[in-house]
Enquirer: 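Pasting in a structure now, in structure tokens, and then I'll have a few things to ask.
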Amino acid sequence: MNAWLDKLYKTFIVDDNYMMIVKGFGNTLLITVCALLIGIVIGSVIAIAKYYAEDNKKLRIVNIVCDIYTTAIRGIPVTVLLMIFYFIIFVSDTTGIMTAIIAFGINSGAYMAELIRSGLNAVDKGQMEAARSLGMSKGQAMKKIIFPQAIKNILPAIGNECIALLKETSVAGYVTVVDLTRAANLIRTNTNDAVNPLILLALVYLALVVIMTKLLNVFERRLRKSDGR
Amino acid sequence: MADNMNNAIISVKDLKKTFQKNEVLKGVSIDINKGDVVCVIGASGSGKSTFLRCLNMLEVPTGGSIFFENNDLTDKKTDLNLHRQKMGMVFQQFNLFPHMTILENLTCAPIMLKKVPKEQAEEKAMSLLARVGLADRASSYPNQLSGGQKQRVAIVRALCMEPDVMLFDEPTSALDPEMVGEVLDVMRELASEGMTMVVVTHEMGFAREVSNRVVFLDDGVIAEEGAPEELFGAPKCERLQNFLAKVL
């Protein structure tokens, strides 16, 4: 027992190694949250654009552009995308954090777009007709009637996407970002202790996912109150 | 346009609607005057629902024109949203907004579109809700109500916009039989107050009792129209005689 505590001390406390974990934790959260916001914005814009394009021939070009985006992003591994962004496009970004946020955001946007689109299509057509018959414009109906219902329906799927995104950011180390995973890995190489940093790493991710799941459940329950009988 | 300036609140001229290759309306013309209660009857597939949905342009006609309060709705320059505010519509499937409470369902359009202050919109909604006997359900959600209650709320939702015309698209067809009466009662009361109504219905009793004009649509045209006593008492065309023999 004492030997293990001694080992923990050497791995995490000497040289203030634990600070790397704290910083990495911060970077992982920062990248996840910012990428998520970008993803939701891109996803919503694309989903709504495609919803409009469905019955408007003039918007066919929009439809094509959106399809190219989702196809390309879904076909390229996020690690490859990340490296293309870092080594080819945003060469001046030295820390890689901005690049990571943008790359993960754009990646997530494609998945969000498909999710939100399926949510919009699942809302009964009568809802749009009822809103229009009251005199709402298509945009007003979308904002007040269709979109809120779509989001409610796909919330569990969005939760999954958040969790997937959090875990995907563990490849940010490829472009020199010191995220949670890279921090733990650096400690492993510096201290020659593989067990403790990696187990801790796994536990931190697990804890984060459990917390996210709990938060989502609370949120979902609040939205579901209109389903009660 | 001068010849269209008449007393009709809705004036339909040679209305045509084709879905892909299926010609549903083959030229329907009718004037609906203020205070009219027009019931539209006909077999399924005769185009009655399409006709009604064209009146507020939920279906865009492929030919002809629709004048509402002397504005041509089929003219692309017409602000449809503005005119739709004055044409309430009640759907077969209610189409209440499930993510809003009953009160929010009633007040969202007046607040958003007519800029009615919230308190005033709620006051009006509550008084109308009380008249259909549902004041105690104001904070419920649509899924907590029965079909008949939902449809009464849907009627009130349309009324909250203070429309000049009410369009009913088979308002009782999706209801359990024991709930049809409560909805027809509300409509009957509305008619007695002088509301202009166009009702697509299978309720022949209601059509006979409440309407002042009945229109029989058959195969995309008006096959016969007139006062309910004439139409039901002495139908002239054979198709109507057959139809009535089946439904009465």
Side-chain angles (χ1 to χ4, degrees), chain A residues 44 47-48 51-59 115-116 118-159 216-229, chain B residues 49 52-53 55-60 79-102 104-115 139-146 150 153-154 156-163 165-169 174:
Chain A
S44 303
I48 291 172
Y51 186 87
Y52 274 84
E54 250 168 41
D55 46 28
N56 189 339
K57 288 199 178 80
K58 276 178 241 157
L59 291 173
L115 266 181
I116 296 171
S118 70
L120 291 176
N121 286 339
V123 176
D124 187 74
K125 290 271 174 275
Q127 293 288 309
M128 181 56 100
E129 288 183 352
R132 298 304 304 274
S133 79
L134 286 166
M136 290 185 205
S137 69
K138 210 171 175 186
Q140 287 169 324
M142 174 60 79
K143 189 173 137 211
K144 279 288 256 202
I145 310 298
I146 310 296
F147 202 69
Q149 292 184 55
I151 290 297
K152 194 179 108 178
N153 292 339
I154 57 170
L155 204 66
I158 289 191
L216 272 162
N217 284 343
V218 171
F219 194 46
E220 223 176 290
R221 241 194 323 263
R222 278 188 48 192
L223 282 182
R224 291 245 172 258
K225 68 177 186 222
S226 60
D227 291 347
R229 271 174 194 278
Chain B
S49 277
L52 192 78
R53 290 159 57 82
L55 292 185
N56 68 350
M57 298 289 286
L58 278 184
E59 300 292 353
V60 180
D79 183 358
L80 268 185
N81 295 331
L82 205 62
H83 295 299
R84 280 185 178 140
Q85 292 181 17
K86 289 183 264 170
M87 307 175 102
M89 183 149 189
V90 176
F91 298 84
Q92 185 177 354
Q93 298 296 341
F94 329 127
N95 293 346
L96 295 178
F97 306 132
H99 60 304
M100 297 180 177
T101 64
I102 300 306
E104 286 164 351
N105 263 280
L106 303 183
T107 56
C108 86
I111 291 173
M112 184 188 341
L113 303 171
K114 294 176 82 178
K115 311 292 176 210
S139 53
S140 304
Y141 284 91
N143 286 340
Q144 297 167 322
L145 304 188
S146 72
K150 281 184 202 172
V153 171
V156 172
R157 178 175 68 180
L159 288 177
C160 279
M161 290 299 283
E162 301 180 321
V165 183
M166 286 283 282
L167 311 175
F168 293 85
D169 188 4

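Residue numbers start from 1 in every chain, and the chains themselves are labelled A, B, ... in the order their sequence lines are given, proteins ahead of strands. What's counted below: heavy atoms across the whole structure, side chains too, no hydrogens, waters or symmetry copies.
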Enquirer: For B/Leu82, which atoms come within 4.5 Å of any heavy atom of chain A: side chain, backbone, both, or neither?
Expert: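 Looking at B/Leu82, nothing touches chain A.
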
Enquirer: At a heavy-atom separation under 4.5 Å, does B/Phe97 approach chain A through its side chain, its backbone, both, or neither?
Expert: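 Both the backbone and the side chain of B/Phe97 come within 4.5 Å of chain A.
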
Enquirer: Can you check whether A/Gly135's main-chain N or O pairs, donor with acceptor, with B/His83's side chain at less than 3.5 Å?
Expert: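 Looks like no, no N/O pair under 3.5 Å.
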
Enquirer: Please determine, among B/Met57, B/Lys86, B/Met112, the option with the most heavy-atom pairs under 4.5 Å with chain A.
Expert: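 Of the candidates given, the most pairs with chain A belong to B/Met112.
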
Enquirer: Could you tell me the separation between the CE atom of A/Met136 and the CG atom of B/Asn81, rounded to the nearest 0.5 Å?
Expert: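 Here the interatomic distance stands at 10.5 Å.
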
Enquirer: Please check if the side chain of A/Gln127 supplies one atom and the backbone of B/Leu96 the other of a donor-acceptor pair under 3.5 Å.
Expert: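 Side chain of A/Gln127 to backbone of B/Leu96, a donor-acceptor pair under 3.5 Å: yes, one is there.
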
Enquirer: Could you state the interatomic distance from CZ (A/Arg132) to CG (B/Asn56), rounded to the nearest 0.5 Å?
Expert: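 If I round to the nearest 0.5 Å, the distance is 10.0 Å.
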
Enquirer: Can you measure from CG (A/Leu134) to CE (B/Met161) and round to the nearest 0.5 angstrom?
Expert: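 So the gap between those two atoms works out to 6.5 Å.
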
Enquirer: Do you know the tightest heavy-atom contact between A/Lys144 and B/His99?
Expert: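 In this case the closest contact between A/Lys144 and B/His99 is O-NE2, 3.0 Å.
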
Enquirer: Working to the nearest 0.5 angstrom, can you tell me the gap between A/Glu129 CD and B/Gln93 CD?
Expert: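 It is 11.0 Å, given to the nearest 0.5 Å.
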
Enquirer: Just jot down the side chain to side chain donor-acceptor pair (under 3.5 Å) partners of B/Asp169, sequence neighbours excluded, or say none.
Expert: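 With sequence neighbours excluded, B/Asp169 shows a side chain to side chain donor-acceptor pair (under 3.5 Å) to B/Ser49, given in chain and number order.
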
Enquirer: Could you pull out the closest heavy-atom pair between B/Arg157 and A/Ala130, with the gap in Å?
Expert: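 So the minimum-distance heavy-atom pair works out to NH2-CB, 3.5 Å.
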
Enquirer: Could you pull out the closest heavy-atom pair between A/Gly126 and B/Asn95, with the gap in Å?
Expert: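 Nearest pair, atom of A/Gly126 first, then B/Asn95: O-ND2, 3.2 Å.
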
Enquirer: Rounded to the nearest 0.5 Å, what's the gap from OG on A/Ser133 to CG on B/Leu55? Could you check?
Expert: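 Between A/Ser133 OG and B/Leu55 CG, I get 12.5 Å after rounding to 0.5 Å.
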
